[in-house]
Amino acid sequence: WGMSGREVQEGDEGAAPAHEVYANGLLQFLRPAVQDVEERLQATFDSQADLARQVDRVLMELNKVIGHQPPPSLSPYVHKLGNARKRITSVNSTLVSIRTRLERIHHQITGGRFPLES
């Protein structure tokens, strides 16, 4: 840890500068955690997308039922499902933001030299 770039290069003419060695070491250390977060993020994103499709399907069915004979007891539930759909959309937006931040951090650590593995 205490070696300078010059000390690393004295023994080997082709050795990478210390900052590259440090970045590579840090990347190797953090890679499992980043991959785990990425996998969980993708699973959550997929789950949210599936839930959004199911909510849309239920909303369409309920709107058909309400169109034929409007039962007053279903209207609040249709409204609640609509609100749930809005929250799902908000969570998806947050997940996309988190993924973008992770990709930005990865790019800063690696300088774009190593692709983020999915």
Side-chain angles (χ1 to χ4, degrees):
W1 292 86
M3 294 194 297
S4 70
R6 185 167 279 175
E7 290 169 333
V8 170
Q9 290 182 357
E10 284 177 8
D12 185 1
E13 295 274 331
H19 68 279
E20 284 187 28
V21 172
Y22 178 72
N24 289 340
L26 185 59
L27 177 65
Q28 293 304 317
F29 178 73
L30 293 175
R31 184 178 305 245
V34 170
Q35 286 176 337
D36 185 50
V37 168
E38 178 67 24
E39 288 169 5
R40 290 173 187 240
L41 183 64
Q42 184 62 48
T44 303
F45 190 73
D46 293 344
S47 177
Q48 290 290 315
D50 186 46
L51 180 59
R53 284 189 296 273
Q54 290 178 17
V55 167
D56 286 342
R57 183 183 55 79
V58 170
L59 276 172
M60 285 182 0
E61 292 298 320
L62 287 175
N63 282 326
K64 286 179 189 176
V65 169
I66 289 173
H68 294 299
Q69 51 180 347
S73 62
L74 286 182
S75 294
Y77 297 106
V78 172
H79 182 70
K80 285 181 182 181
L81 278 172
N83 287 338
R85 177 69 171 114
K86 290 176 188 175
R87 287 192 304 269
I88 289 168
T89 302
S90 175
V91 167
N92 281 338
S93 175
T94 301
L95 289 173
V96 169
S97 175
I98 290 169
R99 175 177 278 167
T100 301
R101 287 180 196 161
L102 279 173
E103 289 171 353
R104 194 175 323 126
I105 289 169
H106 178 267
H107 184 75
Q108 288 174 344
I109 290 173
T110 66
R113 291 184 305 269
F114 303 99
L116 185 61
E117 297 174 7
S118 298

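Each residue takes its place number in the sequence, starting with 1.
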Drop me the distance from [X]'s [atom1] to [Y]'s [atom2], to the nearest 0.5 angstrom.
X    : Y   : atom1 : atom2 : result
L41  : Q48 : CG    : CD    : 10.5 Å
Q42  : L95 : CD    : CG    : 9.5 Å
I109 : L26 : CD1   : CG    : 5.0 Å

Report summary line: Heavy-atom closest pair (I88 atom, A52 atom, distance to 0.1 Å) is CG2-CB, 3.8 Å
Report summary line: In short, L81 meets V55 closest at the heavy-atom pair O-CG1, 3.7 Å
Report task. Determine yes or no for a side-chain-to-main-chain donor-acceptor pair under 3.5 angstrom, with T44 supplying the side chain and R40 the backbone. Result -> yes
Query raised in the report: Would you say the side-chain atoms of D36 pair up with the backbone N or O of P32, donor to acceptor, closer than 3.5 Å?
Result: no
Report task. I would like to know whether V91 and R87 meet side-chain contact (heavy atoms from CB on, under 4.5 Å); could you show each step before the answer? Result -> CA-CA 6 Å; V91 167; R87 287 192 304 269; 5.5 Å; no
Report task. Would you please say whether a donor-acceptor pair under 3.5 Å links the side chains of R85 and T89? Result -> yes
Query raised in the report: Is a side-chain donor-acceptor pair under 3.5 Å present for N24 with Q28?
Result: no
Requested in this report: Could you check V34 against I105 for side-chain contact (heavy atoms from CB on, under 4.5 Å), going step by step and ending with a plain yes or no?
Outcome: CA-CA 10 Å; V34 170; I105 289 169; over 6 Å; no
Query - D50/R53 salt bridge by N-O under 4.0 Å criterion - result: yes
Query raised in the report: Would Y77 end up clustered with M60 when hydrophobic side chains under 4.5 Å apart are linked, directly or stepwise?
Result: no
